[in-house]
Amino acid sequence: MKKILLASVASTMFAGAAFADDVKIAVVLGFTGPAESLSVDMGAGVEAALAEVSESGLFLGGTTITPVRGDSTCTDAAVATSVAERMITSEGVVAIIGGLCSGATGAMLQNVSVPNGMVQFSPSATSPSLTTVEDNGLFFRTSPSDARQGQVMAESLLEKGIKSVAVTYTNNDYGKGLADAFESSYTELGGEVTINAAHEDGKADYSAEVGALAAAGGDLLVVVGYIDQGGPGIIRAALDTGAFDRFHLPDAMIGDALEARFGAELNGSTGQVPGSDSPGGEMLVAIGEARGYNGTAPYAPESYDSGALVTLAMQAAGSTDPQVYKDKFYDVANAPGEKIYPGELAKALQILADGGEIDYVGGSAVELIEPGEAAGSYREIVFEDGKIVTVGYR
């Protein structure tokens, strides 16, 4: 009955949303929790795109946009579900951008967005399980699946001559999904995973976990964790005990907080995070400076692109009804059409209003593939002099 009621409320709101003077779009990320430091620039990235569209005066005949923030906490499915429900029943949003972490994203999608016919667009949820979830065509993401990241990790390490690794992962959908995808690709290409073990977030002492990893051995330690939770704890225990002095770190472990915490102790360690050398990335530097955030921080480009694509799909459909505009994402994100970069959203809105076509490139060179996720390119990094340095793309 609850889901039926929510659907009824949402349907009533959508009926007149296209003609409203102002519409609300939810920005639901892990503003607290294991990846909260990433949420700062991600949330600002989404809101920068929404502000650019709103301030243009060209969105759906002058309709303005109000972003409404919600905190999924990243790890508590019940909280994420409750926040998503509030966004629909109390705030009357016409889209949900989020979540950040895969578990919270999946909980919102299956418990709230799909039952209520709401479009949900994540900038950073990467679990391979989200590729096959029943979403009724309502779920999209500007981040690639971790099936792709696992392959990139495997190829990168083997090219560097790393033939054996120990792996630890945060014990949730994201961690296990990426760790398993990596192990599958790495072993298929000839590498050896000596151990693939879970760790729990929030512990004060990881010496037991590191002891087991050290006993298994390996050329380095792959830490599939969160930048503000168990991942740094694993690294600290490994460094203090001398178990490992080099690490490979995937997307949710990359950020300024890691530099501040470890500095030169991580020199020589490597990793990757979604990113491209598209000119759109450089354009986000100026946008970030103007709006007070780091436009090229991990997942900040994907966040800007999520906000842009949601509003451009609405403009192409001439409606804020999710059941109508959900069918326009591929049209605005992919060729044919005029290429659109960050800072050019007013231009895109005008082209669409005039009946033309656009190919949104954005800050992450996004290309949507079935079922609604980014094809995926990655920025490879290495720690040098205590800093994260980009060394290439793949």
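Owing to the predicted nature of the structure, the values given are computational and were not obtained by experimental measurement.
Between Glu159 and Arg394 there is a salt bridge, with a side-chain nitrogen of the basic residue lying less than 4.0 Å from a carboxylate oxygen of the acidic one. Between Glu47 and Arg69, at least one side-chain nitrogen of the basic residue sits less than 4.0 Å from a carboxylate oxygen of the acidic one, meeting the salt-bridge criterion. In summary, Glu265 and Arg236 engage in a salt bridge, as defined by a charged side-chain N under 4.0 Å from a carboxylate O.
Thr81 contributes a side-chain N or O that, together with a main-chain N or O of Ala77, makes up a donor-acceptor pair within less than 3.5 Å. Using a distance-only test at 3.5 Å, with no hydrogens or angles considered, no donor-acceptor pair links the side chain of Ser56 to the main chain of Ala346. Remark: the backbone N or O of Phe247 is paired with a side-chain donor or acceptor of Ser269 at under 3.5 angstrom. Side-chain atoms of Thr194 come within 3.5 Å of backbone N or O of Gly217 as a donor-acceptor pair. Without hydrogens or angle criteria, Asn172 side chain to Gly175 main chain gives a donor-acceptor distance under 3.5 Å. Looking only at distances, a side-chain donor or acceptor of Gln315 sits under 3.5 Å from a matching main-chain atom of Leu60. Side-chain N or O atoms of Ser303 include none that pairs as donor or acceptor with a backbone N or O of Gly45 at under 3.5 Å. Counting only distance, with no hydrogens or angles, the side chain of Tyr186 and the backbone of Ser164 share a donor-acceptor pair below 3.5 Å. Between the side chain of Glu302 and the main chain of Ser364, no donor-acceptor pair closer than 3.5 Å is present. Without hydrogens or angle criteria, Asp219 side chain to Lys163 main chain gives a donor-acceptor distance under 3.5 Å.
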Legend entry - Verdict with reasoning, Leu189 to Glu155, per side-chain contact (heavy atoms from CB on, under 4.5 Å): CA-CA 8 Å; Leu189 293 172; Glu155 293 171 352; 3.9 Å; yes

Inset, instruction - Begin from the C-alpha positions of Leu138 and Ser113 and carry the test side-chain contact (heavy atoms from CB on, under 4.5 Å) through to its verdict. - result: CA-CA 8 Å; Leu138 293 163; Ser113 296; 5.8 Å; no

Inset, instruction - Report the C-alpha separation of Glu209 and Lys203 in whole Å, then their side-chain angles, then the decisive distance to 0.1 Å, and conclude whether the side-chain contact (heavy atoms from CB on, under 4.5 Å) test is met. - result: CA-CA 11 Å; Glu209 289 85 349; Lys203 294 182 64 175; 2.6 Å; yes

Inset, instruction - Just do the side-chain contact (heavy atoms from CB on, under 4.5 Å) check on Ser72 and Val83 with the steps written out, would you? - result: CA-CA 7 Å; Ser72 71; Val83 169; 5.9 Å; no

Legend entry - side chain to side chain donor-acceptor pair (under 3.5 Å) assessment of Asp180 paired with Tyr169: CA-CA 10 Å; Asp180 288 350; Tyr169 62 89; 5.6 Å; no

Inset, instruction - Check step by step if side chain to side chain donor-acceptor pair (under 3.5 Å) holds for Thr131 and Arg141. - result: CA-CA 10 Å; Thr131 298; Arg141 48 181 170 172; 2.9 Å; yes

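With ring centers used as reference points, Phe262 lies 6.0 Å or more from Phe383.
To the nearest 0.5 Å, atom CE of residue Met253 and atom CG of residue Leu258 are 5.0 Å apart. Note that the CG atom of Leu266 and the CG atom of Asp385 stand 12.5 Å from one another [nearest 0.5 Å]. Between atom CD1 of residue Ile96 and atom CG of residue Asn116 there is a gap of 8.5 Å, rounded to the nearest 0.5 Å. Atom NZ of Lys347 is separated from atom CD1 of Ile358 by 10.5 Å, given to the nearest 0.5 angstrom. Taking CG of Leu349 as the reference point, atom OG1 of Thr311 lies at 6.5 Å (rounded to 0.5 Å). To the nearest 0.5 angstrom, Glu338 atom CD is 5.5 Å from Ile340 atom CD1.
Ile235 has its side chain out of reach of Phe244: every pair of non-hydrogen atoms, C-beta onward, lies at least 4.5 Å apart. Using a 4.5 Å heavy-atom threshold, the side chains of Gln120 and Thr105 count as touching. Side-chain contact between Thr170 and Gln229: absent, with no pair of heavy atoms (C-beta onward) separated by less than 4.5 Å. Annotation: side chain of Pro274 is in contact with side chain of Tyr299 (closest heavy-atom distance under 4.5 Å). Counting heavy atoms from C-beta on, the side chains of Ser145 and Leu130 never come closer than 4.5 Å.
Gly103 and Asp173 make their closest contact through CA-OD2, 4.1 Å (heavy atoms, listed as atom of the first residue, atom of the second, distance). Between Thr126 and Ser102, the shortest heavy-atom distance links the atoms N-OG, 3.1 Å. Heavy atoms only, all atoms of each residue included: Pro336 and Glu357 are closest at CG-OE1, 3.6 Å. Here the shortest heavy-atom pairing between Ala78 and Asp76 reads N-OD1, 3.0 Å. The two residues Met153 and Pro250 come nearest to each other via the heavy atoms SD-CB, 4.2 Å. Considering every non-hydrogen atom in both Ser39 and Leu29, the closest pair reads OG-CB, 4.0 Å.
More than 12 heavy atoms of other shown residues, nucleotides or ligands fall within 6.0 angstrom of atom NZ in Lys326. The environment of CZ in Arg246 is sparse: at most 12 heavy-atom neighbours from other residues, nucleotides or ligands sit within 6.0 Å. More than 12 heavy atoms of other residues, nucleotides or ligands lie within 6.0 Å of NZ in Lys160, so this atom counts as buried by the packing criterion.
Applying the side chain to side chain contact (heavy atoms under 4.5 Å, CB included) test between Phe182 and each of Asn196, Val167, Val224 identifies Val167 as the sole match. Applying side chain to side chain donor-acceptor pair (under 3.5 Å) to Gln272 and the options Glu380, Gln149, Arg379 leaves one that passes, Gln149. Of the options Val23, Ile25, Asp22, a side chain to side chain contact (heavy atoms under 4.5 Å, CB included) to Thr66 is made by Asp22 and by none of the others. The one candidate from Phe329, Tyr325, Phe139 that meets the ring pair (Phe, Tyr, Trp, His ring centres under 6.0 Å) condition with Phe121 is Phe329. The side chain to side chain contact (heavy atoms under 4.5 Å, CB included) test with Val222 singles out one residue from Thr168, Leu157, Leu249, Leu213, and that residue is Leu157.
Cluster membership for Leu352 and Leu50, using ILVMFWY side-chain heavy atoms within less than 4.5 angstrom, is shared. Put simply, Leu221 and Ile254 are part of the same group of oily side chains (I, L, V, M, F, W, Y) that touch within less than 4.5 Å, one to the next. Follow the hydrophobic side-chain contacts under 4.5 Å out from Val273 and you never reach Val152; the two are in separate clusters. The hydrophobic cluster containing Val93 does not contain Val324, counting ILVMFWY residues as joined when their side-chain heavy atoms lie under 4.5 angstrom apart, directly or transitively. Under the 4.5 Å side-chain contact rule for hydrophobic residues, Leu178 and Val165 share a cluster.
Applying the ring-ring contact (aromatic ring centres under 6.0 Å, His included) rule to Tyr226 yields the partners Tyr174; only residues at least two apart in sequence or on another chain are considered.
A perpendicular orientation is assigned to the rings of Tyr330 and Phe140, their planes being inclined by more than 60° (bins at 30° and 60°).
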